[in-house]
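In what follows, a structure is listed as structure tokens, so that the remarks can point back to it.
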Amino acid sequence: MKKCFALAGLIGCLICQGQTTQTPIAIIPEPVSVIAGAGYFTLPQNIVISADVQPAMKEVTGLLKERLTQSTGRTVTVLPAAKDAPISLLLNTADDNALGNEGYRLSVSAKSIVVRANKPAGLFYGVQSLLQLFPKEIESATVARNANWIVPCVEIMDKPRFGWRGLMFDVARHFFTKAEVKQFIDDMVRYKYNLLHLHLTDDEGWRLEIKGFPRLTSIGAWNVKKEGYFGTFSAPTADEPRTYGGFYTQEDIKELVQYAKDRFVNILPEIDVPGHSLAAVVSYPVLSGTPEANTYRVRSGEEIMDWSHGAPPIALVDNTLSPANEKVYDFLDKIIAQVAQLFPFEYIHLGGDECPKNYWEKNEAIKQLMQKEGLKNMEEVQSYFEKRLEKIVASKGKKLMGWDEILEGGLAPGAAVMSWRGIKGGIEAAKQKHEVVMSPTTYAYLDYMQADGITEPRVYASLRLNKTYEFEPLPDGVDPAYIKGGQANLWTEQVYNYRYLQYMLWPRAFAIAESVWSPKEKKNWTHFFAKVEKQFERFDIAEKKYSPGVYDPIFTAKLTAGNELRIELGKEVAEMDIYYSFDNTFPDYFYPKYTTALIPPKDAVMLKVVTYKGKKQVGRMIAMPLSELRSRAEKKK
Ligand code: ACM
């Protein structure tokens, strides 16, 4: 039996019993320190895990036991302080100062696997890393008989860079069931995310039971099912059934909060006001400053905003709560009180984004409010609203968080800012000594397309994996004390089901995980992408969806001085080849290989491209009409 190992942090290989077995040290997010050893640990037939049995350890031991049992079919027993156990999960009796609350040390030798941490959360993350060291068959839901159950010897020390490692899940645009939210939590913790931001309300649905306001969920949670391009749907007719949607009861929320807590995840609830509030307005039109609000319906994806003039948008229906209506503050006080009870997390997110002001400008009560309060413009009106909300939130013992629009017109004292329109809002808020979470569209918007729009379901912007990987939550010159961390946002206007949700999350959420967990200096695109490909193999076994968009070429079209179309094909993945045709047939690796910019033959109408690694097709067959490329080139002129 011969062994060879790569250096720390590289993908290793093992020649074992005449066959090659991959034993990668390919952990996402990249740990602080990885020192690969020689040899490997072989999983015994009877697996004993020695672990503390305190309640907070239930998920830690349960996770390892479940995953080992289902994929290996071997007997797994968890025992407190078992002597000579092959696997030990140990809580330090004296704090290891290098680790903090979420760090761990993982030691794999030929004889044993030992994970040590100060807190159960650290052991949980240590187990997540350990699971990534097992062969990919660990992902199998049934016993993988041909797997070679070995783990490479290694010493790992690890802890997170940021305490806030978030993913935002928009359950308002499309409703996702309680079971799907649990699945989301299970998926995110594998990559050491610890914050689930639930976007619970929007124009398309109100998803949270509120006692005393039954119409929020009897009316506000339902719209008409439409498919196609969200934002352009026809307005529903009166006879179309409003049966699409759903909501979480307060009992559901308690269950989700506990489920998340068991997995060391906090849930940040978002009630998005004063804009994005059509579902609330339709349920209780009295909250609107616009009389015809009583004719409105919960949005089913029809156009309700005119974005052609930029932000803030011009509303075609008034989807706002009126800042000049005392009933609104009473309503929000009661809602915030219940939200504060349901969600133990210290922050409540109250939106504040993209609030159109055109209806407010015409509203007499708002004009009077401006006079009374000395408010000079609509930004100050919104700021007045946010400041009142901040007091309500504080009265419930919580802190207000909002999107960066809450900076406009003056930030409420104590408010924390989630910076989404780039990082400048976050920088400004940190300068003003407010807490900040960075989630800029430029790097962290997972609803954007991840490859060319000719293939991807159409969204108005793109964000490819390599750009996501550049996400840096802490800008130069900003006091790190105010930057709590970062998160990626998954808006679901165009996400109709959980399979597609997975496609949008992965692999980009791997990149964000590394940006919020790993030391900045450990980030390395080539190494990261090699690990992503290992994850793809695991996802295939787990039957989870992911986007192969990273393998699609990047089209750049220009016009030459002679008005000829000149096409460049770029790539995110260095080690792949692009093959193409102009004759409408399907290229493979026997076709011309792209090496330099292309000028299409005179009568050609279509460029077809596909990518390969060696003889293995990795990208999708893309049919790009030359008329589309010409039109892009002309727009650029
Ligand atoms: C946002 O994307 N409107 C926060």
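In listed order, ligands and their atoms are each counted from 1.
- Under the salt bridge (Lys or Arg N to Asp or Glu O under 4.0 Å) rule, Glu493 has a single partner from Arg458, Arg299, Arg173, which is Arg173.
- With Phe169 as the aromatic partner, Arg207 does not meet the cation-pi criteria of under 6.0 angstrom to the ring centre and within 45 degrees of the ring axis.
- Other residues, nucleotides and ligands place more than 12 heavy atoms under 6.0 Å from the CD atom of Gln250.
- Below 3.5 Å of separation, one finds an N or O of Tyr445 facing an N or O of ligand 1.
- Ion pair Lys226/Glu240 flagged as a salt bridge, since at least one NZ, NE, NH1 or NH2 atom sits closer than 4.0 Å to an Asp/Glu carboxylate oxygen.
- In summary, the atoms of ligand 1 found under 4.0 Å from a heavy atom of Trp491, numbered by their order in the structure, are 1 (C), 2 (O), 4 (C).
- Taking atom 3 (N) of ligand 1 as the reference point, the nearest protein heavy-atom neighbour is Asp353 OD2, 2.7 Å.
- For a threshold of 3.5 Å applied to N or O pairs, the pair formed by His276 and ligand 1 contains no separation below that value.
- For ligand 1, the atoms closer than 4.0 angstrom to any heavy atom of Glu354 are 3 (N).
- Residue Trp420 places no N or O, backbone or side chain, under 3.5 Å from any N or O of ligand 1.
- A salt bridge links Arg161 with Glu472: the closest approach of a Lys/Arg side-chain nitrogen to an acidic carboxylate oxygen falls below 4.0 angstrom.
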